[in-house]
Student: 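Mind looking over this structure? Questions follow.
Every chain is numbered from 1, with letters handed out A, B, ... down the list of sequences. Scope of the values below: all heavy atoms of this structure, side chains included, with no hydrogens, waters or symmetry mates. Quantities reported herein were computed from a predicted structural model and do not represent experimental measurements.
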Protein chains: 2
Amino acid sequence: MLDTAIQRLKNAGYKLTNARRMVLEILCRDDAHLTSAEVLERASLGKDPIGRATVFRTLDLLTELAIIRPTYLRPGTPHYIVMPENGHHAHIICPKCQRVIEIDDCEIEGLLDELVLRHKIKISGHLLELYGECEYCR
Amino acid sequence: MLDTAIQRLKNAGYKLTNARRMVLEILCRDDAHLTSAEVLERASLGKDPIGRATVFRTLDLLTELAIIRPTYLRPGTPHYIVMPENGHHAHIICPKCQRVIEIDDCEIEGLLDELVLRHKIKISGHLLELYGECEYCR
DNA sequence: ATAATACTGAGAGTAAGTATCAATTAGGCG
DNA sequence: CGCCTAATTGATACTTACTCTCAGTATTAT
């Protein structure tokens, strides 16, 4: 996952700097949904901590490259997820408590009925965000 | 759309106040993706403007009730979309320029191949967010 | 190894979101 | 209809999130 992300960054023509590697490592580490503040906190721990502005810049760059994706879990600040190489990520968010349930074996087709049974959850809605460079950007 | 949203608010046991109606009207008006700042701005125009804190509170409440859904179209602050009664909303976000293309006739199954043709876009990924009250919240 | 240039860090500045609490209002009920 | 009560609001101050700038530094190509 990390290696792939680094490769995608390089392929897009960006330099692999210490700061960028560190942010990617942090985000890939536990496959968690971290906020910018949490990334910042972890990036300040070791030796060679990285600056505040750089963390935000890096998160924006990685988002633009679709390597990570911000998602809304609670008011305030976005949480970032690392998108795998195939670009698929699916999870259920409880709108009440913001719990996130990861769905590892996402098959878009015929998904919903099965989810109801597997996760004991009545699906009340979904947001399918599709990513792709639009006709004006290419 | 507006009437449905108001009904859902009431059904959940909340009062229909002037402020809540105004926020809903603003969000439903052009079916746009507005930020909190944009809602705030429009809510300050007419007579009987509503306060800053109330706008944020109302957006949070409507989110919790899954009547609206925040999504990150660009860095900074989320944009809010009104979720229709059936809870389905689909759009394509260009990660580069943040353009949003609405998909009105969303059919989850067999969707992706068709989209490539229709929107002249190579889909590089998607995020399927499913909403539903989880087993711990019910 | 060097050069060109992309990138970073520090710190100050701006904007976004939250907390508090007294004043107000929606809606049930007689 | 108009009172009553609890839910909701607005003003203000405050906290936290994010951005800007620019001199200095690190990365990559050669």
Student: Any side-chain heavy atom of I81(B) within less than 4.5 Å of one from H91(B)?
Tutor: yes
Student: Check every atom of dA16(C), dT19(D), dT8(D) against the side chain of A37(B) and return the nucleotide holding the closest atom.
Tutor: dA16(C)
Student: Donor-acceptor pair under 3.5 Å: do we get one between R57(B)'s side chain and the base of dG17(C)?
Tutor: no
Student: To the nearest Å, how far apart are E38(B) CD and dG17(C) C1'?
Tutor: 16 Å
Student: Between dG17(C) and R52(B), counting only base atoms on the nucleotide and side-chain atoms on the residue, is there a donor-acceptor pair under 3.5 Å?
Tutor: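 Present.
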Student: Looking only at side-chain atoms of D60(A), point me to the closest of dA26(C), dG9(C), dT19(D).
Tutor: dT19(D)
Student: Please report, rounded to the nearest Å, how far the C1' atom of dG17(C) is from the CZ atom of R74(A).
Tutor: 15 Å
Student: Pick base, sugar-phosphate or nothing for A19(B), based on heavy-atom distances below 4.0 Å to the nucleic acid.
Tutor: sugar-phosphate
Student: Return the nearest nucleotide to the side chain of T54(A); candidates are dC18(D), dT8(D), dG9(C).
Tutor: dG9(C)
Student: Using whole Å, report how far NZ of K10(A) lies from P of dT28(D).
Tutor: 6 Å
Student: With a cut-off of less than 4.0 Å, is there a side-chain N or O of R20(B) near OP1 or OP2 of dT8(D)?
Tutor: yes
Student: Could you please name the option among dT8(D), dG10(D), dA6(C) that lies closest to any side-chain atom of K15(A)?
Tutor: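 In terms of side-chain proximity for K15(A), the closest of dT8(D), dG10(D), dA6(C) is dA6(C).
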Student: dT8(C) C1' sits how many Å from R21(A) CZ, rounded?
Tutor: 15 Å
Student: Please tell me which of P78(A) and G13(B) maps to the more 5' nucleotide of DNA chain D, matching each residue to the nucleotide holding its nearest heavy atom.
Tutor: G13(B)
Student: Considering just the side-chain nitrogens and oxygens of T77(A), establish if one lies under 4.0 Å of OP1 or OP2 belonging to dG17(C).
Tutor: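 Answer is no, no contact under 4.0 Å.
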Student: Could you tell me how far apart N18(B) (CG) and dG10(D) (C1') are, to the nearest whole angstrom?
Tutor: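 My rounded result for the distance is 13 Å.
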Student: Any link between L9(A) and F56(A) through a network of hydrophobic side chains (Ile, Leu, Val, Met, Phe, Trp, Tyr) touching at under 4.5 Å?
Tutor: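 Shared cluster, no.
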Student: Under the rule for side-chain hydrogen bond (donor to acceptor under 3.5 Å, both in side chains), what residues qualify as partners of H33(B), not counting sequence neighbours?
Tutor: E102(B)
Student: Please report the distance, rounded to the nearest Å, between CZ in F56(A) and C1' in dT21(D).
Tutor: 17 Å
Student: By the side chain to side chain donor-acceptor pair (under 3.5 Å) test, which pairs, at least two apart or in different chains, include something from residues 70-81 of chain A?
Tutor: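 Passing the test, one end in residues 70-81 of chain A: T71(A)-E129(B).
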Student: Rounding to a whole Å, what distance do you find between I50(B):CD1 and dT12(D):P?
Tutor: 17 Å
Student: Hey, are the side chains of R52(B) and L40(B) touching, using non-hydrogen atoms and a 4.5 Å cut-off?
Tutor: yes
Student: What's the closest nucleotide to the Y14(A) side chain, out of dC7(C), dG9(C), dT18(C)?
Tutor: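 The nucleotide sitting nearest to the side chain is dC7(C).
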Student: From CG of L61(B) over to C1' of dT9(D), roughly how many Å is that when rounded to an integer?
Tutor: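 Nearest whole value for this atom pair: 13 Å.
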Student: Find which nucleotide of DNA chain C each of A53(B) and L16(B) is nearest to by heavy atoms, and output the residue with the more 5' nucleotide.
Tutor: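 The residue whose closest nucleotide sits nearer the 5' end is A53(B).
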